[in-house]
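I have placed the structure first, in the form of structure tokens, so that the comments after it can refer back to it.
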Amino acid sequence: MFVGSLLFSAVAPATELAERLRLASENYEQVITEQLANNQQQRYADWLVLAQAYLSANNKDAAIAALEQADALADSDQQRAHVALLRAKVYGILFRDTRHAISYLQQADTFLRTSTDIAGRQLYSEVLTNFAQAHNQLGDLAQAEHFASQSLNLALGLQDRHKELAARIMLGRLALQNNQFNQAHQHLKQALVLADTLDDSNALASIHFRLGMAFRKIGEHTLALEHMQHAASLYQRLNDLSSYSYTLVYIAESYLESAEGITQAEQYLLEALAISEQINNVMRTAIVKQSLGRASRLRGDNLQAAQYYNAALQQFRQIGAQTYVQESALALAELALIQEHFTQAEQVIAELSPGMEGAANYLQARYYSLRAQLAEHQQDWQQAYLFNQQANKLQFAELTNTTAEKLTELKDQLKQSNTQHNNHAAQLLQQQSLRQTLWYWQMATTCLLLLLIGCGWMYWRQRNRHIQTKSVQLAFLLSHNWSRFCERLQQDSRSKQPLQLLAIALPASQQLKLDLGEEALRQPLQALLRNLNISQLSGCCINSDVLWLGYRSSPREAACFARQLEADLQQELPALATAGHLVRLQLEVSQLLGPRWQAHELTALREAFWLSWKLASVADDTSHSWQLELTAKQPRPCEWQSSNLRLDMINALQLGTLTLTLNNEALPANLSRALLTEPTHTSEL
């Protein structure tokens with residue numbers, strides 16, 4: 001009874017202080033007013049609560065002053081550790097001085113490392129979580145994960161659900177940053193249960209935000225927006241302007257995945273910029289500017305994009321946010337390569353090189369891809385090949401990690417199964433000694449069966465590994481919208497072979513869908529894509545019932561590939577025999593658009609497809625298949641940004657700078673004159 005009363009007397013004040021600190025964080029204005037109006041002598045706990053309130057109010061000078069008063073009144077290592085922890089938060093959150101914050105966390109660690117009481121261990125779990133946050137800020141993901149795992153283990157041992165929640169959210173964030181979606185999902189799923197149980201709105205908002213980030217990374221932008229908007233609503237209700245502005249940034253990033261969403265994305269970003277500047281949050285301001293840079297680049301305003309990227313990079317360097325420094329610098333280097341500013345790109349890459357080894361996989365993949373492009377520009381083909389190999393290896397690292405995790409899980413299951421089997425065998429030996437010989441036969445049969453099953457499983461796995469890898473690669477190459485398809489073709493630099501753009505369409509696709517249903521067209525196309533040889537494929541997209549593919553090869557190889565593709569489609573679609581013509585067009589992108597074409601210019605080539613189709617219908621209405629190829633005698637034979645692009649292409653055909661062949665025969669240059677009497681309109685892009 002006496003021991004129980006002692007334990008209660010030690011825990012009760014700590015619980016009371018924790019509740020006061022929580023209220024100071026959520027209702028800081030009320031707490032500051034009450035504390036300043038209190039005429040009684042302030043105690044250690046009062047100054048600590050006041051410091052937390054000032055921290056939440058973003059008043060760094062007042063927070064430091066209150067912590068100095070608390071430190072002067074502290075009479076135990078635990079109290080001094082709590083002061084050091086809050087000082088670390090002030091320097092990390094308000095001053096953005098991460099290294100100074102780590103020095104105070106190390107002080108707290110010294111005070112608490114040998115602590116054995118519950119309150120001290122709970123406080124130590126919070127210190128470890130803040131260590132993880134600080135090292136994450138510096139870009140050291142390995143150290144960050146180490147401290148977050150320690151914090152979680154300590155929280156589980158204490159059965160402290162609040163500390164467990166904080167640690168799981170941190171581990172989910174770290175796994176997400178390194179594209180470890182399975183780990184991120186497991187931690188965030190458990191964190192969501194805890195947050196619901198504890199009715200922690202702030203944690204719920206953070207979890208929805210991270211889930212939105214996860215769905216955004218794997219291309220599920222509808223689900224990403226759903227979680228992001230839920231998080232934004234919670235942050236707005238909590239009056240957490242910093243987190244609210246951060247969520248607006250990634251809502252905007254999801255809208256940037258389509259060309260139609262650029263204007264709406266910029267509206268969200270400008271709102272986020274106004275909020276972050278209002279609260280004087282340098283980190284948030286820099287993040288918004290980085291996203292505004294991406295929006296400007298997608299609009300084609302490279303000068304404005306460079307200004308935003310440079311401004312973001314300077315601010316990230318100012319506060320020592322290493323991961324964001326790397327991300328902004330890579331974006332700036334990519335932009336420099338698009339503008340052919342090779343010296344600037346080389347300088348940015350040289351500055352990044354020393355710190356890239358410890359960066360997240362996706363950042364390293366972008367870094368090596370850029371180095372490969374620079375090596376290609378310098379005609380150092382061996383280095384370009386090696387850098388591309390390294391980039392590809394990093395892009396599929398998550399697939400390897402997932403496979404390793406599954407193998408480890410299987411190994412543990414087999415070990416457990418063998419243990420249970422041996423225990424059962426021991427019981428049989430004790431109870432039925434007369435059946436020993438029979439038992440040996442059963443064991444031998446079982447082992448043989450397991451061996452056969454194991455061999456069959458290994459054969460099946462080996463047979464399907466290539467299929468699984470191909471499915472992952474194809475999912476990576478298949479774009480769900482035209483804008484993303486164009487960006488992927490421009491970014492692809494795996495080969496020096498020219499990019500051939502292939503378009504295949506079934507003129508009677510609408511009638512086919514009316515007669516047999518949309519699945520009659522969708523399923524054959526999906527089956528066709530699954531069987532593609534993707535070694536030279538840069539990307540693929542289905543737009544307006546037209547299958548578009550980017551293929552890195554010579555024109556002759558692309559024509560062979562297209563013929564095989566056409567034959568496969570005819571085999572997959574039995575109704576094709578009665579569905580009319582099959583139209584196929586082949587274009588060499590650099591020949592038509594010039595060697596340094598932009599992603600948005602590919603949209604103009606859709607108009608080339610429709611015009612070629614029209615001319616084929618004028619020249620021939622009997623062939624079962626129209627195999628078209630549009631070639632140019634000079635780079636950029638017409639102005640692709642013209643307001644009347646079709647008329648420009650017709651003029652180029654008549655002048656002979658553009659040549660259209662139908663089934664390997666050149667069409668007459670004057671064939672397009674018949675179209676001049678018809679109203680010509682630029683295709684809606």
Side-chain angles (χ1 to χ4, degrees), residues 139 253 256 262 269 282-283 285-360 362-388 390-391 394-395 486-496 499 589-590 593-602 635-636:
E253 285 285 339
L256 286 177
I262 294 176
L269 290 172
V282 178
M283 180 75 163
T285 303
I287 290 172
V288 176
K289 288 178 179 177
Q290 180 170 301
S291 290
L292 281 167
R294 183 188 174 205
S296 298
R297 182 175 65 79
L298 292 175
R299 273 196 296 101
D301 191 347
N302 292 336
L303 181 61
Q304 182 70 66
Q307 291 174 352
Y308 277 128
Y309 283 143
N310 273 309
L313 184 57
Q314 290 175 12
Q315 289 181 306
F316 285 137
R317 282 175 174 161
Q318 173 189 337
I319 59 180
Q322 186 60 25
T323 298
Y324 284 106
V325 166
Q326 292 165 342
E327 194 159 346
S328 285
L330 287 169
L332 195 58
E334 289 166 350
L335 183 63
L337 280 179
I338 292 173
Q339 297 175 295
E340 299 184 23
H341 297 163
F342 297 106
T343 303
Q344 181 187 353
E346 288 172 0
Q347 181 181 353
V348 173
I349 291 297
E351 292 173 358
L352 275 175
S353 294
M356 287 307 298
E357 186 177 349
Y362 75 99
L363 291 175
Q364 290 191 57
R366 287 174 63 187
Y367 166 78
Y368 282 111
S369 179
L370 284 169
R371 292 198 65 179
Q373 293 179 57
L374 287 172
E376 287 179 8
H377 170 68
Q378 296 165 354
Q379 297 188 352
D380 188 347
W381 311 120
Q382 183 177 4
Q383 279 297 320
Y385 173 78
L386 292 174
F387 287 141
N388 264 320
Q390 185 66 13
L394 288 162
Q395 285 172 349
C486 296
E487 287 181 19
R488 191 179 299 286
L489 294 193
Q490 186 192 34
Q491 292 167 2
D492 177 51
S493 58
R494 294 175 300 165
S495 169
K496 291 303 292 181
L499 178 65
V589 176
S590 59
L593 301 181
R596 293 295 175 186
W597 49 273
Q598 300 293 316
H600 63 88
E601 291 181 305
L602 288 174
R636 293 188 72 91

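What you see is a predicted model; the values in this text were computed from it and never measured.
Here the CZ atom belonging to Arg317 is positioned 5.0 Å from the CD atom belonging to Glu351, to the nearest 0.5 angstrom. Note that CD of Glu376 and CG of Leu337 are 10.0 Å apart. Values are rounded to the nearest 0.5 Å. The distance from the OH atom of Tyr368 to the CG atom of Leu363 is 12.5 Å, given to the nearest 0.5 Å. Rounding to the nearest 0.5 angstrom, the gap separating the CZ atom in Phe387 from the CD atom in Gln382 is 10.5 Å. Taken to the nearest 0.5 Å, the CE atom of Met356 stands 10.5 Å off from the CZ atom of Arg371. Atoms CD and OH, on Gln290 and Tyr308 in that order, are 13.5 Å from each other to the nearest 0.5 Å.
Side-chain atoms of Gln326 come within 3.5 Å of backbone atoms of Gly355 as a donor-acceptor pair (strictly under, hydrogens ignored). Proximity of a side-chain donor or acceptor of Arg636 to a complementary backbone N or O of Leu593 within less than 3.5 Å is detected. Using modelled atom types, one side-chain atom of Ser296 and one backbone atom of Leu292 make a donor-acceptor pair closer than 3.5 Å. Listed for the Gln490 side chain is no donor-acceptor partner under 3.5 Å among the backbone atoms of Gln598.
Around the CZ atom of Phe342, the shell of radius 6.0 Å holds more than 12 heavy atoms that belong to other residues, nucleotides or ligands.
Of all heavy-atom pairs spanning Ala599 and Cys486, the tightest one is O-CB, 3.4 Å. Residues Ser590 and Trp597 come closest through the heavy atom pair CA-CD1, 4.3 Å. Scanning all heavy atoms of the two residues, the minimum distance from Tyr367 to Leu330 falls at CA-CD2, 3.7 Å. When all heavy atoms are compared, the tightest approach of Ala329 to Leu313 is N-CD1, 4.0 Å. Of all heavy-atom pairs between Ala333 and Ala345, the closest is O-CB, 4.0 Å. Scanning all heavy atoms of the two residues, the minimum distance from Ala286 to Ala312 falls at O-CB, 3.3 Å.
At a threshold of 4.5 Å between non-hydrogen side-chain atoms, the residues Tyr324 and Ile319 do not count as touching. With contacts defined as side-chain heavy-atom distances shorter than 4.5 Å, the pair Glu253/Arg294 qualifies. Residues Glu601 and Val589 form no side-chain contact, since every pair of their non-hydrogen atoms from C-beta on lies 4.5 Å or further apart. By the 4.5 Å heavy-atom criterion applied to side chains, Gln379 and Trp381 are counted as neighbours.
Here the options are Arg297, Lys289, Glu327, the test is side chain to side chain contact (heavy atoms under 4.5 Å, CB included), and the partner is Tyr309; only Arg297 passes.
Between Glu334 and Arg366 a salt bridge is recorded (basic side-chain N to carboxylate O distance below 4.0 Å).
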side-chain contact (heavy atoms from CB on, under 4.5 Å) evaluation trace for Ile349 with Glu346
CA-CA 5 Å; Ile349 291 297; Glu346 288 172 0; 5.8 Å; no

